[in-house]
**Student:** 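This is the structure, below, for whatever I ask next.
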Amino acid sequence: MNLFILIDSGLLSLKPAQSIWAISSGQDLVMLILGVIVLVGMVLIGLVAFYLLLILKKAVEPEPVKKPVDTRSLWQRLSGLHSLSQEKELVMEHAYDGIAELDNPTPPWFMWLFYSTIVFSVIYLFIFHVIGSGDIMAQEYTQEMAIADQQREEYIRKVAGSINENTVTLLKDAKGVESGKVLFTQYCVACHGDNAEGKVGPNLTDAYWLHGGDVKAVFHTITEGVPEKGMISWKKQLNPLQVQQVASYILSLQGSNPAGAKEPQGEKIAGAVPVALR
């Protein structure tokens, strides 16, 4: 109709356009009435379609059954417990041989714990294995070993550090001599034999000594070694207290006469230390 109005108003003749509501003839009135009828008809059709859609949706999707009001306490809700009075509400539809099943899902606290472990594992994986900023077991072990080494050094400095060639004494207590035996078995057996009877090294159970047979001389020999004869210095492997223990154990074997003892070497030391503990 606007086109008719534009044509009728003489657009080609560059006259100003008239409003569509400006009815100037009976034809315009008829066109306006027809337009209003079509518009109203379309609105009615849309409303009917919407109504039919609601009815169809209601028919396809039945209304959900309203759940009974949960009267449990907060603790019962957190723990997932139900009272006996609610047992009938939990009965499921199926039953076998008269035995019914209750709709009793996993307690919420357990599910929270389960989900929290998943979250924890994701965070742990991200921090310790993706970013690498956390301490895994190997790093913790290295740190603990470093702390243990530091404590050992402090112990040696405070306790064993006071023992030297001038202050060393012969231990006669069973614990100290037994500690020396363990160290001797670990470090000295290869050269001196299981019972100090002598192998590559000399027999340490007789009265003959190559480098002195008192505790101070044995302490010095162990600490500094005898490089020209192939015996290494043990001061880097053993602290002074351990050297004292080994020397005391060796001297405790004097006169033990083990089987297969090596021939005497060195000078006989008068008044050799007698067997203290064996």
**Student:** To check you understand the geometry: which heavy-atom pair defines the closest contact between Lys216 and Val168, and what is its length?
**Tutor:** CG-CG1, 3.7 Å
**Student:** Would Val189 end up clustered with Leu204 when hydrophobic side chains under 4.5 Å apart are linked, directly or stepwise?
**Tutor:** yes
**Student:** With side chains defined as the heavy atoms from C-beta onward, is the minimum distance between Leu171 and Gln245 less than 4.5 Å?
**Tutor:** yes
**Student:** Among the clusters formed by ILVMFWY side chains lying less than 4.5 Å apart, do Tyr187 and Val218 turn up in the same one?
**Tutor:** yes
**Student:** Quick check for you: to the nearest 0.5 Å, what is the distance between Leu113 atom CG and Ile118 atom CD1?
**Tutor:** 10.5 Å
**Student:** Side chains of residues 176-186: which donor-acceptor pairs under 3.5 Å do they make with residues two or more places apart or in other chains?
**Tutor:**
residue: Ser179; atom: OG; partner: Lys175; partner atom: O; Å: 3.0
residue: Thr185; atom: OG1; partner: Lys181; partner atom: O; Å: 2.8

**Student:** Can you measure from CG (Asn195) to CG (Asn257) and round to the nearest 0.5 angstrom?
**Tutor:** 11.5 Å
**Student:** Give the cluster check for Val122 versus Ile127: same hydrophobic cluster or not, with ILVMFWY residues linked at side-chain heavy-atom distances below 4.5 Å.
**Tutor:** no
**Student:** Give a yes or no on whether the backbone of Asn166 and the side-chain of Asn164 come within a donor-acceptor separation of less than 3.5 Å.
**Tutor:** yes
**Student:** Answer yes or no: is there a side-chain heavy-atom contact under 4.5 Å between Trp112 and Pro108?
**Tutor:** yes
**Student:** Using every non-hydrogen atom in the two residues, find where Gln265 and Leu210 come nearest and quote the distance to one decimal.
**Tutor:** C-CD2, 3.8 Å
**Student:** Are Leu102 and Glu87 close enough that some pair of their side-chain heavy atoms sits under 4.5 Å apart?
**Tutor:** yes
**Student:** Measuring from Ile222:CD1 to Ile232:CD1, what's the distance to the nearest 0.5 Å?
**Tutor:** 12.0 Å
**Student:** Below 4.5 Å, heavy atoms only, C-beta onward: do Lys229 and His211 meet side chain to side chain?
**Tutor:** yes
**Student:** Just how far is it from atom CD of Gln237 to atom CG of Asn239, taken to the nearest 0.5 Å?
**Tutor:** 11.5 Å
**Student:** Within the 4.5 Å heavy-atom criterion, are Val215 and Leu251 side-chain neighbours or not?
**Tutor:** yes
**Student:** Using the rule that Ile, Leu, Val, Met, Phe, Trp and Tyr join whenever any side-chain heavy atoms are under 4.5 Å apart, tell me whether Phe120 and Phe114 fall into a single cluster.
**Tutor:** no
**Student:** Atom CD1 in Ile147, atom OG1 in Thr142: separation rounded to 0.5 Å?
**Tutor:** 11.0 Å
**Student:** Of all heavy-atom pairs between Pro258 and Glu197, which one has the smallest distance, and what is that distance?
**Tutor:** CG-CB, 3.5 Å
**Student:** Testing the basics here: between Ala247 and Phe219, what is the closest heavy-atom pair and its distance to 0.1 Å?
**Tutor:** CB-N, 4.3 Å
**Student:** Could you go through the side-chain contact (heavy atoms from CB on, under 4.5 Å) check for Asp214 and Trp209 one step at a time?
**Tutor:** CA-CA 9 Å; Asp214 61 0; Trp209 296 89; over 6 Å; no
**Student:** Looking at every non-hydrogen atom in both residues, tell me the closest pair between Ala196 and Leu253 and how far apart they are.
**Tutor:** CB-CD1, 3.6 Å
**Student:** Is there side-chain contact between His192 and Ile250, with heavy atoms separated by less than 4.5 Å?
**Tutor:** no
**Student:** Looking at Thr223 and His220, would you say the former's side chain and the latter's main chain have a donor-acceptor pair under 3.5 Å?
**Tutor:** no
**Student:** Would you check if Gln244 and Thr169 make a side-chain contact, meaning some heavy-atom pair closer than 4.5 Å?
**Tutor:** yes
**Student:** Linking I/L/V/M/F/W/Y whenever their side-chain heavy atoms sit closer than 4.5 Å, directly or via other members, would Met42 and Leu34 fall into one cluster?
**Tutor:** no
**Student:** Taking all non-hydrogen atoms of both residues into account, name the closest pair between Ala95 and Ala100 and its distance.
**Tutor:** CB-CA, 4.2 Å
**Student:** When the ring planes of Phe128 and Tyr124 are compared, do they come out parallel, tilted or perpendicular, using 30° and 60° as the limits?
**Tutor:** parallel
**Student:** Please check if the number of heavy atoms outside Met137 that lie under 6.0 Å from its CE is greater than 12.
**Tutor:** no
